[in-house]
Amino acid sequence: MSHDWSQWKLIQDFFQIGEDGTMPEGTRLLMEAMEMVPYQNKEDIVVVDAPADDGMYIILEGDARVLDRQGNLINELTTGDMVGELALIKDVVRGATVQAKGEVRCAHISRPLFEKIAGKNRKVYGALLDLLYTKTTNMVRERERLQSELAIAARIQTGFLPKSFEEFGRLPHTAVTGRMVPAKAVGGDFYDVFFIDDTRLGFLVADVSGKGIGAALFMTMAKIHIRNYMRLNMSMEEMARRVNKQLNDDNEEELFVTAFICVLDTKENRLDFINAGHNKPFVSRQGGDFQMLDCKANFVLGMMEPMPYNRQTIQLEPGDAIYLYTDGVSEAMNQSGELFGEERMLAALNTEPKLKENPDGLVEHMYQKIEEFAQGAEQSDDITMVYLFRG
């Protein structure tokens, strides 16, 4: 039974119908063949691997989730999106499950009905091709817009990170460097190095959960809060507590940050640190082999409060070194899906003992080892390092 679509501005816009209601004959026949179909929350609209004879759906109201064969969320759809339009002209099976997220209403036309009306009037095929052309054009424009926004976000993200480290050499027995190689998607890795006073240096690495512009914005807030509170001469425990509270407030996206935050007191040769759910660093003593630092991890920042954060302390004497990193290093992947892993990290850190005294050289060496291992495989996460040597 045909449906009166005159009340649906979305349909009028979708099929590019004139204000006076004029439309090509093929478009009119296609619209007349569509029916309204309601769906309840978590009801499947289409099911992965099922025959696609049920044809095409246009979401008129509501949202839907796209799930792979394992039930993992791979995309989200909303009002105006189409599902299965190619099923009207190709003998295919569904490549994913589309599930209603709340109440959803769709305009629907099955493949047998489409073929029946198209067999009587070939202009219906033209109407479908116009529909597909409009969708493809809009997708290309949207993709170009998103790529432009992501490129801007990536430049802003990297622009917040220190690039020059020579000034920190005025602290006794201190040479430090940091670097981040961003993945294709905008992520949330960051590092920082800054003076606290004439004898103390703050430095850290951190990783925000998630990808995209949201993670980049959350990264910016986290970096600003950490640096500002560390410079207020409060305890590290209080600094972490306040940062956690600030990030937790109004965190509707439920993002969080793992971080390894350090303060080096060059007068006392003491390193104070807080580990907020982050990877344990590697430490070298007096030019010896790097070993993973035995330390405890507190909870991540921004997920829950109040949470306790405990300062830990080690001595970092002249001749010692510490290497901080994010999981983009340990989880760098090659073409076979193997991870770089902690064993390869240790081997790479200890391959060239003379590089321990050269922060830039050691960090460059680590990136080269990761590239050799990856063999051109595209990485899904930022690769971030901070290295400090007590010369």
* Asked: Are the ring centres of F282 and Y325 closer than 6.0 Å?
  -> yes
* **Main-chain N/O of H225 paired with R242 side-chain donor or acceptor, under 3.5 Å** => no
* Asked: Hey, are the side chains of D63 and E76 touching, using non-hydrogen atoms and a 4.5 Å cut-off?
  -> no
* Do the side chains of N310 and K296 get nearer than 4.5 Å, heavy atoms only? -> no
* Distance-only side-chain donor-acceptor flag, D44 / T97, under 3.5 Å -> no
* To do: Please examine the side chains of F203 and F165, heavy atoms only from C-beta on, and report whether any two atoms are closer than 4.5 Å.
  => no
* To do: Report yes if the side chains of M385 and R179 come closer than 4.5 Å at any heavy-atom pair, otherwise no.
  => no
* Are Y39 and V98 side-chain neighbours, meaning at least one heavy-atom pair lies under 4.5 Å? -> no
* Between F168 and F195, how do the two ring planes meet: parallel, tilted or perpendicular, split at 30° and 60°? -> tilted
* Asked: If you look at every heavy atom in A348 and K369, which pair is closest and at what distance?
  -> CB-CG, 3.8 Å
* Asked: Can any side-chain N or O of N244 pair as donor or acceptor with the backbone N or O of N248 at less than 3.5 Å?
  -> no
* To do: Keeping the roles fixed (side chain from D272, backbone from M236), state whether a donor-acceptor pair exists under 3.5 Å.
  => no
* **Distance in Å, E268 CD paired with T313 OG1, rounded so as to fall on 0.5 Å steps** => 11.5 Å
* Can you tell me if CD on E167 sees more than 12 non-hydrogen neighbours from other groups inside 6.0 Å? -> yes
* Asked: Between Y309 and I261, does a side-chain contact (heavy atoms from CB on, under 4.5 Å) hold up when you go through it step by step?
  -> CA-CA 11 Å; Y309 292 92; I261 307 170; over 6 Å; no
* Asked: Quick one: CG on D381 to CD1 on I383, what's the gap to the nearest 0.5 Å?
  -> 8.0 Å
* Could you walk me through whether V329 and Y323 pass the side-chain contact (heavy atoms from CB on, under 4.5 Å) test, one step at a time? => CA-CA 12 Å; V329 178; Y323 171 81; 3.9 Å; yes
* Asked: Applying the 4.5 Å side-chain criterion to the ILVMFWY set and letting contacts propagate, would L362 and Y191 be lumped into a single cluster?
  -> no
* Structure fact -> Scanning both residues in full, the closest heavy-atom pair of A332 with I370 reads CB-CG2, 3.7 Å
* Can E237 and R241 be counted as an ion pair, charged N to O under 4.0 angstrom? -> no
* Structure fact -> Rounded to the nearest 0.5 Å, the CZ atom of R227 sits from the CD1 atom of I224 at a distance of 9.5 Å
* Any side-chain heavy atom of N358 within less than 4.5 Å of one from K354? -> no
* Asked: Checking side-chain hydrogen bond (donor to acceptor under 3.5 Å, both in side chains) against D320, which of H173, R390, Q286 comes through?
  -> Q286
* **Under 3.5 Å: donor-acceptor pair, side chain of E61, backbone of T79** => no
* Where V257 and A206 come nearest, the two heavy atoms and their spacing -> CG1-CB, 3.8 Å
* Asked: What is the minimum heavy-atom distance between L301 and A276, and which atoms define it?
  -> CG-CB, 3.8 Å
* Can a donor-acceptor pair be found between the side chains of Q368 and E372 at a distance below 3.5 Å? -> no
* M307 and N298: CA distance, side-chain angles, deciding distance, side-chain contact (heavy atoms from CB on, under 4.5 Å) verdict -> CA-CA 9 Å; M307 293 295 298; N298 296 142; over 6 Å; no
* For the student: nearest non-hydrogen atoms of I45 and C106, plus distance -> CD1-SG, 4.2 Å
* Asked: Is the number of heavy atoms from other residues, nucleotides or ligands under 6.0 Å of D198 CG greater than 12?
  -> no
* Taking all non-hydrogen atoms of both residues into account, name the closest pair between R311 and I274 and its distance. => CA-CG1, 3.9 Å
* Asked: Do you see a donor-acceptor pair shorter than 3.5 Å between the side chains of D207 and T326?
  -> no
* Asked: With a cut-off of 6.0 Å (strictly less than), are more than 12 heavy atoms of other residues, nucleotides or ligands near CD of E254?
  -> no
* Do L201 and M234 belong to the same hydrophobic cluster, where Ile, Leu, Val, Met, Phe, Trp and Tyr are linked whenever their side-chain heavy atoms lie under 4.5 Å apart, directly or via other members? -> yes
* Taking the side chain from D327 and the backbone from S330, do they hold a donor-acceptor pair closer than 3.5 Å? -> no
* Structure fact -> Sequence neighbours excluded, the answer for side-chain hydrogen bond (donor to acceptor under 3.5 Å, both in side chains) partners of D49 is R69
* Asked: More than 12 non-hydrogen atoms from neighbouring residues, nucleotides or ligands closer than 6.0 Å to NZ on K245, yes or no?
  -> no
* Please test Q379 against V181 for side-chain contact (heavy atoms from CB on, under 4.5 Å), starting from the C-alpha separation and ending with a verdict. => CA-CA 10 Å; Q379 301 304 308; V181 174; over 6 Å; no
* **Flag, side chain of T174 to backbone of P172, donor-acceptor distance under 3.5 Å** => yes
* With side chains defined as the heavy atoms from C-beta onward, is the minimum distance between M345 and F340 less than 4.5 Å? -> yes
* Is it the case that one hydrophobic cluster holds both L232 and L204, taking links as side-chain heavy atoms less than 4.5 Å apart, direct or via other members? -> yes
* Asked: Near E103 CD, under 6.0 Å, is it more than 12 heavy atoms from other residues, nucleotides or ligands?
  -> no
* Under 3.5 Å, is there a donor-acceptor pair between the N233 and R200 side chains? -> yes
* Structure fact -> Value for CG (L316) from OG1 (T266), rounded to nearest 0.5 Å, stands at 11.0 Å
* **Electrostatic pair D54:R94 at N-O distance under 4.0 angstrom** => yes
* **In one Ile/Leu/Val/Met/Phe/Trp/Tyr side-chain cluster, 4.5 Å: V283, V193** => yes
* With a 6.0 Å cut-off on ring centres, are F389 and Y387 close enough? -> no
* Step through the shown structure and confirm whether more than 12 heavy atoms of other residues, nucleotides or ligands are within 6.0 Å of CG on D294. => no
* Report the C-alpha separation of E317 and N269 in whole Å, then their side-chain angles, then the decisive distance to 0.1 Å, and conclude whether the side-chain hydrogen bond (donor to acceptor under 3.5 Å, both in side chains) test is met. => CA-CA 5 Å; E317 305 284 348; N269 296 324; 3.1 Å; yes
* Note, L247 side chain near F218 side chain (heavy atom, < 4.5 Å) -> yes
* Q375 and N334: side-chain donor and acceptor closer than 3.5 Å? -> no
* For K101 and Q99, indicate whether the former's side chain and the latter's backbone hold a donor-acceptor pair under 3.5 Å. => no
* Asked: Atom CE of M221 and atom CD of Q246: how far apart are they, to the nearest 0.5 Å?
  -> 9.5 Å
* Asked: Does N350 reach the main-chain N or O of L346 with its side chain, forming a donor-acceptor pair under 3.5 Å?
  -> yes
* When rounded to the nearest 0.5 angstrom, what is the spacing between CG in L161 and NZ in K223? -> 6.5 Å
* Hphob cluster co-occupancy, V205 + F256, side-chain heavy atoms under 4.5 angstrom -> yes
